[in-house]
Protein chains: 2
Amino acid sequence: MALTHLKSLQALELALRLGSLQAAARALWVTPAAVGQRIKALEEYLGIDLVVRGRQGLRPTPELSGAIEHLRAAFQELGTVDTMLNLQRGDEIHIAAIADFADLWLKPRIEDFKAAYPHVLFCINGEGDAPLRIGQIDCAISFGPQHTNATDDLLFGDFLLPISSPEIAHRIANLALRDCLEGWPLLHLDFYKEDPGAPNWSSWIKVQHLKRTEPNRGIRFQRISAALEAIRANAGFAICGLALLGEDIGDGSLNLPFPVSTGHWTTHVFQARFHPEALLRPQVTCFRHWLQGQATGTRDWLLQFAQSAKASNMKW
Amino acid sequence: MALTHLKSLQALELALRLGSLQAAARALWVTPAAVGQRIKALEEYLGIDLVVRGRQGLRPTPELSGAIEHLRAAFQELGTVDTMLNLQRGDEIHIAAIADFADLWLKPRIEDFKAAYPHVLFCINGEGDAPLRIGQIDCAISFGPQHTNATDDLLFGDFLLPISSPEIAHRIANLALRDCLEGWPLLHLDFYKEDPGAPNWSSWIKVQHLKRTEPNRGIRFQRISAALEAIRANAGFAICGLALLGEDIGDGSLNLPFPVSTGHWTTHVFQARFHPEALLRPQVTCFRHWLQGQATGTRDWLLQFAQSAKASNMKW
DNA sequence: GGCACAGCTAAAGATTACCTTTAGGGTCAT
DNA sequence: ATGACCCTAAAGGTAATCTTTAGCTGTGCC
């Protein structure tokens, strides 16, 4: 009374769906003869014919026709099971991401993914759960001119605005706008230096008509995270992309002392390129979709934020 | 990329559904160790645990939990496929039925069943597609007092009414009712003789207050079909159950020259008894349901027919 | 605690299902 | 015709999967 000939049923379903034994054989990674044998075994077990080899492909016999839709549904479900279980498999995803992006955007979010797929290990820029292996970059995330080819996923461009510590923001709150910067150190982030659209202090001050001596003087930072650290310690002001600040804006640990309307979009964008071979692994594809979803969230958040400049020209 | 470990998935689903490896092993007709191996093989292939052996049964791990419902659905569908294909298998169903019932009710209808399940062969009272084999009665159909036990399926009781050929019906159409029978032969069917509720000519005529000499005289028939033949040849009248006449009433090849209100229900009923072991074969169970459905159809038809006596007291 | 019992696990050998290979026979288009 | 394509048949080998046997672990009972 037990269900037998599962492999025969599988072959039968595939052969009917694909229309030929050969196609089914390719899908199953076996020889066409094996598929024929599987089906024949079931036919002989049942004592009835199941398929007729007609011109241009296979056709089911009347005896089988009633069961076909159930057969198809069954293997559809099994396919889903297969995918879901494969997603839970142990796998290492190796990511090479520009350091600031990895530290400030990717790593804080990736715990969310790891919670859903606990057996997936990450190696980000050589560090993480999985050890570094040579030649194993599944996903590279860069910041640069937008590529229009299909192999790159656009994540988002950023929105740059001066930031400071809450303390400094408080101290300048009552000053006239044009005097706000005078006297404070200006921190310069190398990160955006190549971006033709990203403002530096010199250009931003000129556009905003602020009073400021020596706008190019100040400390240069190669790493945004180091600059943020300095800013939290009241070291001065920096022009930084909001997307990388994440919670720091919302929870008040960093402030935006100038109107949103003074911000500018970068022309460079963050984009991810996946190794085509890596996308054969369901985990990688799953991660890709997750990454796209997260990026869309950030993009929408930035858009809404920048939009708010028009609605209310408030200081933050 | 092909779906593998089908047997493992089957064992997994069964073990989870039944709650233990042992129960699954019984269902699959293998040893418990084999079930454990199947599941373990899948676990090792995936590299993740799928079940935990907790107190009182198996429980799925979080990694598996999301896929369980799909797994269950898949094997539910496959079970349906299995049943449907098994129904199409070649099988012989051996029926012992009281002859008149077999000839007049069962055989005319059974073509319908055979069309749906072309590979099922029937042997009815030793005749038919399948040869007679000793000790192989799957279903016995009798006419007698209704059994109240669960092993007998009630099919229907019959409704008895005088019948004649159309010609005779036409000839008596203008006579006074009480003179209708006088002069015609009365045919007696042995079939209903044991039934205490079934009228014979003598009792029927007395109740209807007809004028008739020697109501017990006439020809006796052991087989209803022979009597019907005679009636079609204008041999006279017979009191017969309508269920066995089938199309003959509807298409006018036999007539009911007296009002429906003069009819009587039998106290005996047709009932089917299936061999318990035979019911393990899906074809037999399927036939049983078909038989019940057909019997219900006849029962409803009879009821509606008898009911019509009250609505319109018309002659047929 | 000691003990039997039930259910799962481990290891090894046996068996069977299943696959590949090779060869052959249809059908269709050139 | 003839070659391409696809399915079928038969034979042999491989690997999956089963059984057997023994051992382990927790549970209930004395």
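Numbers restart at 1 for each chain; the letters A, B, ... are given by sequence-line order, proteins then strands. Because only heavy atoms are used, hydrogens play no part in the values below, and waters and symmetry mates are left out as well, while side chains stay in.
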Considering only nitrogen or oxygen atoms on both sides, find all protein atoms under 3.5 Å from nucleotides 14-16 of chain C and state each distance.
none

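Every residue meeting the side-chain contact (heavy atoms from CB on, under 4.5 Å) condition with B:Leu279, not counting sequence neighbours, appears here in chain and number order: B:Phe274, B:Val284, B:Thr285, B:Arg288. Qualifying side-chain contact (heavy atoms from CB on, under 4.5 Å) partners for B:Ser65, counting only residues two or more places apart in sequence or in other chains: none. B:Gln146 pairs by the side-chain contact (heavy atoms from CB on, under 4.5 Å) definition with B:Leu154, B:Val269, B:Gln271, not counting sequence neighbours. Under the salt bridge (Lys or Arg N to Asp or Glu O under 4.0 Å) criterion, A:Arg89 pairs with no residue at all, not counting sequence neighbours. Shown here are the side-chain hydrogen bond (donor to acceptor under 3.5 Å, both in side chains) partners of A:Ser225, two or more places apart in sequence or in another chain: there are none.
Between B:Leu6 atom CG and D:dA16 atom P the separation is 14 Å, expressed in whole Å. When rounded to the nearest whole Å, the span between CG of B:Leu50 and P of C:dT9 equals 13 Å. Between A:Lys7 atom NZ and C:dA17 atom P there is a gap of 12 Å when expressed in whole angstrom units. In this entry the distance linking CZ of A:Arg38 with P of D:dA16 reads 13 Å, nearest Å. Atom CG of B:Leu42 is separated from atom P of D:dA16 by 14 Å (rounded to the nearest Å). One interatomic measurement links the two molecules: CD1 of A:Ile39 to P of C:dA17, which rounds to 18 Å at whole-angstrom precision. In this structure, A:Glu44 places its CD atom 13 Å from C1' of D:dA10, rounding to the nearest Å. Counting to the nearest Å, the P atom of D:dA16 and the CG atom of B:Leu28 are 20 Å from each other.
By the 4.5 Å heavy-atom criterion applied to side chains, B:Leu16 and B:Ile68 are counted as neighbours.
OP1 or OP2 of D:dT25 has not a single side-chain nitrogen or oxygen of B:Arg53 nearer than 4.0 Å. Taking only side-chain nitrogens and oxygens, B:Lys40 comes nearer than 4.0 Å to OP1 or OP2 of C:dA10.
Axis orientation changes by 30° from one end of the helix from C:dG1-D:dC30 to C:dT30-D:dA1 to the other, with each end axis drawn from 5 pairs and the value rounded to 10°.
A tilted orientation is assigned to the rings of A:Phe156 and A:Phe101, their planes being inclined by 30° to 60°.
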Report all side-chain donor-acceptor pairs from residues 72-79 of chain A shorter than 3.5 Å, counting only partners two or more places apart or in another chain.
unit_1, atom_1, unit_2, atom_2, d
A:Glu77, OE1, B:His70, ND1, 2.7

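Sorted by first and then second residue, the salt bridge (Lys or Arg N to Asp or Glu O under 4.0 Å) pairs involving residues 117-126 of chain A (not counting sequence neighbours) form an empty list. Sorted by first and then second residue, the side chain to side chain donor-acceptor pair (under 3.5 Å) pairs involving residues 117-126 of chain A (not counting sequence neighbours) are A:His119-B:Glu63. Annotation: side chain to side chain donor-acceptor pair (under 3.5 Å) contacts involving residues 17-28 of chain A, sequence neighbours excluded, comprise A:Glu13-A:Arg17.
Residues of residues 30-37 of chain A having a heavy atom closer than 4.0 Å to DNA chain C, listed by number: A:Val30, A:Thr31, A:Ala33, A:Ala34, A:Gln37.
Closest approach to the B:Gln22 side chain among C:dG7, D:dC7, D:dA9 is made by C:dG7 (side chain taken as heavy atoms from C-beta onward).
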